[in-house]
Amino acid sequence: MNETLTQTFLQALEACKSLAAFPGQPSDLPYRAIELFCEIAIEPSQLLRLSQNYAAESQEAFEAVYKYGTNADNWRVNCSLGFGVKDHCSILSFFFNLYSQEFTFFTGNFNSPQVICELLKDWKGIDLTPLLEERLIGGQAKRLSCGGV
């Protein structure tokens, strides 16, 4: 396995876990983690393999994203992607749950994995749609109440 991609993956997990230090505050950590996951997603099979190899660490990181995303307003942070931190958490949920296909969406902006795939393709030129098509059997999505967002 590519050691550089492994280190990038672990950095993305650490950025997500660090969200625990910012409850109820705007943070660009979700965006930074998205950038790191995009570096890995250029090789989709590596992203899936790393997610499986680091399943326990990924679950811990996703739990931090989930807590942050459910307690945050959809604050905008200064980044090239735009959107708010809840939107960023939806994108992170997509990355964390590509294998299981059990996605959680925190806003209506990104309410399906297909919409996130379109965004990633337009923004970074990364096409993860084949991963959805391969794994969509039995996939589920959870939509959280947005509280007016």
Side-chain angles (χ1 to χ4, degrees), residues 1-20 22 26-70 72 74-144 146 149:
M1 184 172 301
N2 183 322
E3 189 61 34
T4 302
L5 290 179
T6 300
Q7 289 306 313
T8 302
F9 187 81
L10 294 174
Q11 287 174 357
L13 295 183
E14 283 306 311
C16 293
K17 290 177 191 177
S18 296
L19 286 169
F22 297 95
S27 173
D28 69 347
L29 286 170
Y31 169 74
R32 285 196 258 160
I34 291 168
E35 284 280 8
L36 293 167
F37 279 122
C38 284
E39 288 178 32
I40 302 161
I42 292 169
E43 297 183 39
S45 62
Q46 292 291 336
L47 178 62
L48 286 178
R49 190 170 297 120
L50 287 163
S51 296
Q52 290 174 310
N53 290 351
Y54 292 94
E57 295 90 340
S58 293
Q59 182 60 37
E60 183 182 342
F62 177 69
E63 287 172 11
V65 168
Y66 184 86
K67 286 179 187 174
Y68 182 80
T70 55
N74 203 21
W75 301 292
R76 298 244 178 205
V77 293
N78 188 14
C79 68
S80 66
L81 178 58
F83 305 104
V85 297
K86 280 185 174 272
D87 300 312
H88 297 168
C89 289
S90 292
I91 296 166
L92 289 172
S93 169
F94 170 80
F95 281 120
F96 280 117
N97 295 298
L98 263 172
Y99 188 78
S100 70
Q101 301 277 315
E102 293 181 16
F103 304 104
T104 300
F105 303 105
F106 299 90
T107 69
N109 290 329
F110 299 106
N111 56 9
S112 77
Q114 292 79 10
V115 171
I116 293 171
C117 281
E118 288 176 30
L119 169 77
L120 294 172
K121 189 170 185 179
D122 291 345
W123 180 49
K124 291 285 189 179
I126 299 168
D127 187 7
L128 297 177
T129 306
L131 293 180
L132 290 180
E133 292 168 354
E134 290 173 14
R135 307 204 50 82
L136 199 52
I137 299 167
Q140 300 176 17
K142 298 176 198 165
R143 172 85 166 87
L144 298 180
C146 298
V149 174

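Side chains are part of it too, since the values below use all heavy atoms of this structure and drop only hydrogens, waters and symmetry mates.
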Aromatic contact, Phe110 with Phe105 (centres under 6.0 Å): no

From NE2 (His88) to CZ (Arg76), nearest 0.5 Å: 8.0 Å

For Gln101 against Leu98, the heavy-atom pair lying closest together: NE2-O, 2.8 Å

Straight-line distance of Glu35 CD to Gln11 CD, nearest 0.5 Å: 12.5 Å

Smallest separation among heavy atoms of Val77 and Ser27, with atom names: CG1-O, 3.5 Å

Backbone N/O of Cys89 and side chain of Ser93: donor-acceptor pair under 3.5 Å: no

Side-chain donor/acceptor of Lys86 to backbone N/O of Gly69, under 3.5 Å: yes

Inter-residue atom distance Glu39.CD - Thr4.OG1, 0.5 Å rounding: 10.0 Å

Closest approach of Ile116 to Ser90 (non-hydrogen atoms, all atoms of both residues): CD1-O, 3.7 Å

Stepwise side chain to side chain contact (heavy atoms under 4.5 Å, CB included) test for Thr107 and Phe83: CA-CA 10 Å; Thr107 69; Phe83 305 104; over 6 Å; no

Side-chain (Glu43) to main-chain (Ile40) donor-acceptor, under 3.5 angstrom: no

Distance-only donor-acceptor check, side chains Glu3 and Gln7, under 3.5 Å: yes

Within the 6.0 Å centroid threshold, strictly below: Phe37 and Phe96: yes

Greater than 12 external heavy atoms within 6.0 Å of Asn78's CG: no

Full working for side chain to side chain contact (heavy atoms under 4.5 Å, CB included) between Phe9 and Leu36: CA-CA 7 Å; Phe9 187 81; Leu36 293 167; over 6 Å; no

Charged N-O contact under 4.0 Å between Glu118 and Lys121: no

Single hit among Thr104, Leu29, Asn97, Val65 for side chain to side chain contact (heavy atoms under 4.5 Å, CB included) with Leu92: Val65

Exam field: side chain Tyr99 to backbone Ala55, donor-acceptor pair closer than 3.5 Å: no

Shortest non-hydrogen contact from Ile42 toward Pro44: O-CD, 3.3 Å

Modelled atom types, side-chain donor and acceptor of Gln59 and Glu63, under 3.5 Å: yes

Separation of Thr6 OG1 from Gln46 CD (nearest 0.5 Å): 7.5 Å

Worked verdict on Ile91 versus Leu81 for side chain to side chain contact (heavy atoms under 4.5 Å, CB included): CA-CA 11 Å; Ile91 296 166; Leu81 178 58; 3.9 Å; yes

Euclidean distance, Leu19 CG relative to Lys67 NZ, rounded to 0.5 Å: 12.0 Å

Nearest atoms (heavy-atom pairs only) where Cys117 meets Leu132: SG-CD1, 3.4 Å

CA sep, side-chain torsions, deciding dist, call: Phe103, Ser112, side chain to side chain contact (heavy atoms under 4.5 Å, CB included): CA-CA 8 Å; Phe103 304 104; Ser112 77; over 6 Å; no

Cys38 versus Phe95, closest heavy-atom pair with distance: SG-CZ, 4.1 Å

